[in-house]
Structures are given as C-alpha cells and as structure tokens.
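The structure appears below as structure tokens.
Proteins get letters first, then strands, A, B, ... in listed order; numbering begins at 1 in each.
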Protein chains: 2
Amino acid sequence: MQDKTTQATKQPARNSRSQAISADLIAVVIAVTNGEPRVLTIGEAGALPSGPFELGHRSLQSGLRAWVERQTSHPLGYIEQLYTFADRDRIGDERVERVISISYLGLTREEQSERSPAHGWRGWYDYFPWEDHRAGVPFVLREILVPRLSAWADEAEGSSLRRDRRQRVAHAFGLDDRDWNEELVLQRYELLYEAALVAEATRGSDNGSPLSVPGRSMIADHRRILATGIARLRTKIKYRPVVFELMPPAFTLLQLQRTVEALAGRLVHKQNFRRLIEQQDLVEETGETVSETRGPPAKRFRFRQTVQAERTVAGTKLPLSRA
Amino acid sequence: MQDKTTQATKQPARNSRSQAISADLIAVVIAVTNGEPRVLTIGEAGALPSGPFELGHRSLQSGLRAWVERQTSHPLGYIEQLYTFADRDRIGDERVERVISISYLGLTREEQSERSPAHGWRGWYDYFPWEDHRAGVPFVLREILVPRLSAWADEAEGSSLRRDRRQRVAHAFGLDDRDWNEELVLQRYELLYEAALVAEATRGSDNGSPLSVPGRSMIADHRRILATGIARLRTKIKYRPVVFELMPPAFTLLQLQRTVEALAGRLVHKQNFRRLIEQQDLVEETGETVSETRGPPAKRFRFRQTVQAERTVAGTKLPLSRA
DNA sequence: TCGATTATACTCAATACGAGCATAATGAGG
DNA sequence: CCTCATTATGCTCGTATTGAGTATAATCGA
C-alpha cells in the first residue's frame with residue numbers, strides 16, 4: 001500500500017482554494033468457512049485491504065480489485081459499493097489533504113491459498129463478539145456491555161438526554177423485552193463508540209481506556225466500515241440471493257443454512273428454512289448425496305443457472321423477518 | 001457553479017502517475033406538490049444542482065447543502081447518500097482529469113419561494129413518462145416503447161443474446177403477464193439507454209436520434225442519477241417512514257395516500273392503506289377536521305413525535321409489496 | 001445394538017394481505 | 001331542496017404467509 005505522506009509530498013504545494021483531493025478504496029471482503037464468517041485483512045489483522053484510486057484504474061471497481069489482489073493475492077468475485085465518506089485528515093504542518101474513502105463489500109470463498117503473515121482471514125466475530133447470538137445472548141453482551149451501556153445512559157445530564165440514551169440502547173441491543181435485530185450492527189457499534197466502550201473511541205486522547213473493552217479493534221475507522229459491511233450483508237441476504245456467492249458449487253441444505261446462520265448471527269427453524277428455499281426454485285438437486293455427518297445422507301444442491309443470470313434482480317426469502 | 005475547465009487549467013500540469021482527482025457533489029432533491037412528485041433542477045431544467053467538493057466544506061453532506069442552497073436558495077432537510085461513481089473525463093488535449101461524483105437524495109417540501117429562471121421544480125414524470133402507472137399503463141409505454149424494445153431485442157445477433165434481451169425487457173417492464181415492479185426505475189432507464197431509446201444514448205455520435213424518443217433529457221448522466229434517486233425512494237418508502245419528510249406538518253390520510261401513490265406511480269387500495277397506517281401508530285390525530293373536497297370532513301393527522309425521533313430506525317409498511 | 005444426529009414430510013394456529021361490500025357525510029349542480 | 005358524485009370510515013372474507021411443533025426414517029459412532 002502506498003503511503004499517504006509520500007504521496008502528499010510528491011505534489012506541489014497548493015493554495016487553500018484549489019482541490020487537493022485523493023480517494024481511497026477500501027474493501028470489506030467476506031467468506032464463510034466452516035460455519036464462521038471471516039473477513040480478509042492485512043497488517044496483523046488490524047486493517048482492511050485498501051489503496052488510493054489512481055489514474056491508471058479503469059473504474060472504482062477495477063481499482064479496488066487491483067488493490068485487493070496486490071495486497072492479498074485473492075481475486076474478487078461479487079462486489080458492491082457500500083458507502084463514501086470524507087473526513088478531515090491533517091498531514092504535517094498546515095497542509096490539509098482531503099481524503100475521500102469509498103468502501104466496497106466483496107463476497108468470495110476462502111481458497112486454500114498460501115497464508116502470508118501480511119494478510120489473512122479473520123473471524124468477524126473477533127471484532128464484534130456481541131454480534132453472535134447463535135448460542136444465545138453472548139456473555140460479553142449480557143454481563144459486560146449491557147451494564148456499562150446502562151451506566152452510560154444513566155450518567156447523562158438532563159432527563160431527556162437520559163431517556164434518549166436509554167431508548168437508543170434498548171432499541172439497538174434488544175433490551176426490555178424488545179427483540180434482537182441482527183441488522184443494527186452499525187447502530188450498535190456507534191453506540192458503543194459514543195459510550196467509549198470500544199478502543200477506537202479513546203484512542204489518541206489522554207484518558208486511555210480505563211476498562212478493558214471487548215472485541216479486536218482496527219486502524220482508523222476500518223472497524224466501522226466492517227460494521228457497515230456486515231449490516232449490509234445481513235440485510236441483503238433477506239431479499240437477494242447473495243448467500244450463494246459464499247457457497248461452493250455444490251452444497252447441502254444444511255450447509256446453506258449454517259452459512260445463513262453464521263451471517264445473521266442467529267439460528268433459524270430448519271424445516272421452515274428448507275420450505276422457503278425449495279419453494280423459491282433457487283436451487284436444484286445435483287443428483288448426488290453425501291453423508292459427511294451422522295444422519296441420513298443429504299442431497300446436494302446447486303444454485304440454479306437461470307437464477308444466477310438474473311442474480312441482481314431475483315428475490316430471496318429467508319426465515320428471518322425484516323423488522 | 002464552477003466550471004470544470006477553469007478548475008483544471010488553474011492546476012499545474014502533472015505526470016500521468018500523480019493524482020488529479022476532484023469530486024463533484026450532485027443532489028436529487030424531491031418534493032411532492034399537489035400529488036405530483038417534483039425534482040429541483042437548474043439550467044433550464046436540464047441539470048441537477050451540483051458543484052465540486054471543496055476544502056472549505058466540513059463534510060460531504062454540508063458541501064452538498066451549500067451548493068444546493070447557493071444554486072437554488074432552497075434549504076435542505078433530510079438527505080441520504082445515493083451512489084458514488086467515477087468516469088473517465090477528458091479535458092482538452094492529453095490531460096486526463098478524474099472526476100468522482102457523489103450523489104445524494106434529498107427530501108423536502110416545495111416552498112413558496114421566488115421562482116427564478118435559473119432553477120425550479122419539474123415534475124419527475126417529465127423525465128420518465130413511462131413510470132407513471134396511476135392511470136393505467138402509459139400510452140408512450142404501451143404504444144411506443146414496448147414495440148421498440150421488442151424490435152431491439154429481436155434484432156440482436158445470436159439466439160441466446162436475443163433470449164437474454166427479451167427476458168430483461170419482459171422483467172423490467174412487466175411484460176408477458178409479469179407484474180409491473182415500480183422499483184426497477186434504473187434498470188428500465190438503462191435498458192432504454194442500451195436500446196438507444198433515450199436521447200442521452202445517441203448524443204455525441206453521428207447517428208443522432210432517428211426516432212423521436214420520449215421523456216425530457218438532462219446533461220451528462222444526471223437523468224441516470226435521477227433514476228437512481230427515484231428507485232431508492234420507491235424502495236425506501238416501503239420500509240422506512242420517509243414519506244413524512246415530504247408532508248406538511250398536518251395532513252389528511254387521503255393526502256398522505258396521494259403522496260405515496262405519486263411516488264410509487266401506482267394506486268393503492270384506500271381501506272388497506274388506512275388500516276396499515278393506523279395500526280402502525282405512525283400518526284396521531286390533531287383533533288381538527290377539514291372539508292376541502294366533497295365528502296365528509298376528513299380528520300387531520302400529524303407524524304408522531306416519538307417516531308420522528310427514531311426516524312432512522314422505525315419501520316413502515318405500505319400496501320405495496322416488495323417483490 | 002443403542003443413541004445421537006440428521007433428513008424430510010406434515011400439521012396447525014396466528015396473522016398478514018388483497019379485495020370487496022356497506023354506510024354515512026358532505027358539497028356541487030340543478 | 002333534492003340528487004348525485006365523492007369521500008370517510010367500518011367491516012368481512014378468503015387466501016397466502018409465517019412461526020412453531022410433531023412424526024418418522026436413515027445413518028454413523030461407540
């Protein structure tokens with residue numbers, strides 16, 4: 001990855017009116033391996049693949065692909081844009097450089113490629129341990145985060161602010177007999193940030209984290225971008241057949257279900273899952289059966305060709321409601 | 001608006017490796033007046049408000065607000081990001097400038113501000129006459145576009161390409177007893193572009209439009225961005241209470257319904273509409289009644305404060321299915 | 001051979017949704 | 001003043017859709 005400082009010093013000085021803008025491309029690349037969602041990282045698992053958008057790039061997408069392949073030697077398949085943001089970035093003295101970050105979500109399968117220390121796959125729940133509800137409410141969430149969030153809400157000045165905080169926390173984390181909504185990944189991360197319960201929030205300030213906070217952090221706002229990607233994916237699997245981008249060419253319905261559950265961070269009713277998948281004609285039998293596990297042999301399925309063609313337009317339903 | 005050419009010549013020449021990037025902010029600002037959806041335009045209704053992102057701007061959003069207010073003196077309320085894209089833009093000789101366009105969707109109400117020739121509100125169906133199905137399938141669509149699209153599909157070389165085109169047309173425009181899906185605004189525009197049935201497609205080339213094509217066009221890709229905005233809005237009203245951004249402080253349920261219908265471009269069942277709105281606790285009665293039209297006086301409603309607070313997180317349902 | 005695990009078929013109640021009927025209130029036009 | 005088109009509003013009803021459970025059979029590991 002090119003160093004920002006180097007780039008900037010290459011350029012001639014400019015007056016304050018002229019545009020000194022550069023654009024960074026950042027990738028959230030997801031795969032699901034053995035029922036665990038994983039994200040492609042670089043730099044000791046503390047950063048997402050990224051690099052500047054250059055004149056040589058044909059498009060934003062191809063620039064992103066080039067950077068990811070250069071940094072991780074992993075080719076990308078399906079990608080979609082996530083979000084664009086611009087934060088003030090000071091470089092040295094008075095020079096102010098404007099950086100626009102354009103983030104993308106990519107879906108692939110983790111190949112048996114050579115592991116290098118410079119990059120690798122990391123379970124996404126390492127970064128968001130409170131997001132995995134497949135085995136019930138996680139310990140960190142119930143025993144550590146909820147009490148601290150409540151304390152944070154209560155310590156607010158003014159009763160209306162207190163009420164506001166309590167309501168936001170209850171909504172985002174499914175408190176007070178509200179339901180857990182797995183799509184609110186970003187809102188939860190932002191609340192934790194506001195309450196200084198993630199490492200990124202206290203970084204750089206003097207009052208460094210007085211309490212140990214859960215979840216591995218990342219450089220800059222990469223973990224926030226990852227949260228955005230997870231949220232988007234959890235939303236999207238409910239109405240578009242994108243799960244199949246993460247599956248091998250042939251798979252059993254249980255494998256498909258485990259993948260969905262890994263992404264959503266919650267379990268689904270098996271019989272209803274199968275009913276929905278089959279009635280939508282998304283998959284077809286390959287004819288083979290496999291018995292990798294105990295129990296009767298399972299039929300193998302593949303994603304239907306015709307649906308794949310109209311991938312961007314076809315719908316999907318999963319036994320996960322969207323409220 | 002600053003002129004791109006001027007900007008570029010101000011800058012020193014650069015070698016091909018260095019970054020010569022500027023970012024444009026483009027706004028799709030929507031209001032609904034008298035049951036007609038309208039878009040804020042500049043330059044003889046042929047362009048969307050836009051301008052370069054500058055160092056002085058605090059954020060992308062505030063930069064966008066500044067440009068829209070400078071160009072149209074209309075203040076913006078709710079805005080959300082639409083999409084970011086980068087196309088190669090040649091300026092003069094060999095110099096290549098990279099322009100990144102970041103588009104936003106804004107929702108307001110059309111105020112009784114002074115009309116100036118430089119800007120104004122335009123009905124969005126002026127640009128997309130085939131999108132308004134409130135009075136049935138539009139004439140232009142049934143009599144002009146569908147035949148031409150069919151012809152375009154049939155003239156393709158190779159049977160698989162022909163089949164592909166026919167299928168895409170049928171899906172996007174609801175042919176062959178398929179249902180019309182009002183969300184596919186962008187797909188439809190892109191198909192029309194591909195089939196050279198919109199003015200933008202033949203622009204610049206020698207074979208200028210041999211046939212008159214329907215719908216007012218816009219500069220550059222502004223009409224494509226407008227299509228993106230309409231598509232997003234039509235999708236979003238179904239699961240988030242954004243319609244209320246377009247409503248006056250108090251309104252009748254019929255006015256609310258007419259607004260939804262204007263946006264969706266199709267009529268909804270009145271009784272079911274009311275049932276959904278009322279059972280969701282989105283609105284509350286103001287206590288007043290009005291009888292502007294014939295029929296019994298209608299109760300006036302307002303959007304509920306509490307819901308407004310959690311606007312970004314609350315859900316909505318409308319009698320418009322999302323498939 | 002037993003028991004845990006899985007595939008797969010069915011049932012059932014609750015609800016959501018689309019579509020229509022019915023009735024009442026009102027203003028416009030004669 | 002009367003009629004009628006128009007609107008507000010309440011109610012019904014059949015049909016999907018959805019969540020949750022029961023039942024049964026196939027298979028592997030111990």
Side-chain angles (χ1 to χ4, degrees), chain A residues 34-35 133-135 179-182 237-239 250-261 264 266-301 315-323, chain B residues 34-35 133-135 179-182 237-239 250-261 264 266-301 315-323:
Chain A
N34 301 325
H133 286 228
R134 284 175 295 177
D179 285 333
W180 172 261
N181 183 342
E182 71 278 357
I237 52 170
K238 294 174 191 171
Y239 64 94
F251 48 85
T252 68
L253 290 185
L254 184 61
Q255 287 168 345
L256 183 64
Q257 181 183 345
R258 293 280 177 253
T259 303
V260 168
E261 291 174 334
R266 54 166 37 180
L267 301 177
V268 303
H269 183 103
K270 185 197 285 210
Q271 293 91 324
N272 292 345
F273 179 80
R274 300 169 100 95
R275 174 171 66 185
L276 278 179
I277 296 296
E278 290 181 334
Q279 84 185 12
Q280 287 175 97
D281 274 341
L282 292 172
V283 296
E284 60 191 5
E285 301 183 13
T286 64
E288 319 155 85
T289 57
V290 282
S291 47
E292 297 163 326
T293 61
R294 247 175 292 186
K299 292 182 196 156
R300 300 186 78 192
F301 291 83
T316 336
K317 284 182 208 162
L318 295 175
L320 294 162
S321 52
R322 55 240 120 138
Chain B
N34 301 325
H133 287 229
R134 285 175 293 178
D179 285 333
W180 172 260
N181 183 343
E182 71 278 356
I237 51 170
K238 293 176 192 172
Y239 65 95
F251 47 85
T252 68
L253 290 185
L254 184 61
Q255 286 168 345
L256 184 64
Q257 182 184 345
R258 293 280 176 254
T259 302
V260 168
E261 291 174 335
R266 53 167 36 181
L267 301 177
V268 303
H269 183 102
K270 186 197 284 211
Q271 293 92 324
N272 292 345
F273 179 80
R274 300 167 101 96
R275 175 171 66 185
L276 278 179
I277 296 296
E278 290 180 335
Q279 84 186 9
Q280 288 176 98
D281 275 343
L282 292 172
V283 297
E284 60 191 4
E285 301 184 13
T286 65
E288 319 156 86
T289 57
V290 283
S291 47
E292 296 163 327
T293 59
R294 249 176 291 188
K299 292 182 196 155
R300 299 187 73 187
F301 291 84
T316 338
K317 285 182 208 162
L318 295 175
L320 293 161
S321 52
R322 54 245 114 146

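Distance CG/B/Leu276 to CD/B/Gln271: 12.0 Å, rounded to 0.5 Å. The line from CD of A/Gln257 to CG of A/Leu267 is 8.0 Å long, rounded to the nearest 0.5 Å. Atom CG of B/Asn34 and atom CZ of B/Arg258 lie 12.5 Å apart (nearest 0.5 Å).
Contact detail for A/Arg266 and A/Trp180: the closest heavy-atom pair is NH2-O, 2.9 Å.
Distances shorter than 4.0 Å separate none of the side-chain N or O atoms of B/Lys270 from OP1 or OP2 on D/dT9.
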Polar atom pairs between nucleotides 20-22 of chain C and protein, under 3.5 Å, N or O only, would you list them?
{"from": "C/dG20", "atom 1": "N7", "to": "B/His269", "atom 2": "NE2", "distance (Å)": "3.2"}
{"from": "C/dC21", "atom 1": "N4", "to": "B/Gln271", "atom 2": "NE2", "distance (Å)": "2.5"}

I'd like a table of atom pairs between the protein and nucleotides 24-30 of chain C - only N or O on both sides, under 3.5 Å - with the distance next to each one.
{"from": "C/dT26", "atom 1": "O2", "to": "B/Gly295", "atom 2": "N", "distance (Å)": "3.2"}

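Note: CZ (A/Arg274) to C1' (D/dG19) measures 17 Å, nearest angstrom. With rounding to whole Å, A/Leu267 atom CG is found 15 Å from D/dG19 atom P. Going from atom CD of B/Gln255 over to atom C1' of D/dA8 covers 14 Å, rounded to whole Å. Atom C1' of nucleotide D/dT18 and atom CZ of A/Phe273 are separated by 16 Å, given to the nearest angstrom. Whole-Å rounding puts the B/Leu256 CG to D/dT7 P distance at 16 Å.
Considering only residues two or more places apart in sequence or on other chains, B/Arg274 meets the side-chain contact (heavy atoms from CB on, under 4.5 Å) condition with B/Leu253, B/Lys270.
Considering A/Glu288, A/Glu285, A/Gln255 in turn, A/Glu288 is the only one that fulfils the side chain to side chain donor-acceptor pair (under 3.5 Å) rule with A/Arg300.
As judged by a 4.0 angstrom heavy-atom cut-off over every strand, A/Leu254 is placed among residues touching the sugar-phosphate backbone only.
Listed for the B/Glu261 side chain is no donor-acceptor partner under 3.5 Å among the backbone atoms of B/Arg134.
In this structure, B/Glu278 and B/Phe301 have side chains that are in contact, with non-hydrogen atoms separated by less than 4.5 Å.
Judged by atom type and distance alone, B/Arg275 does not reach the base of D/dG10 through any side-chain donor-acceptor pair under 3.5 Å.
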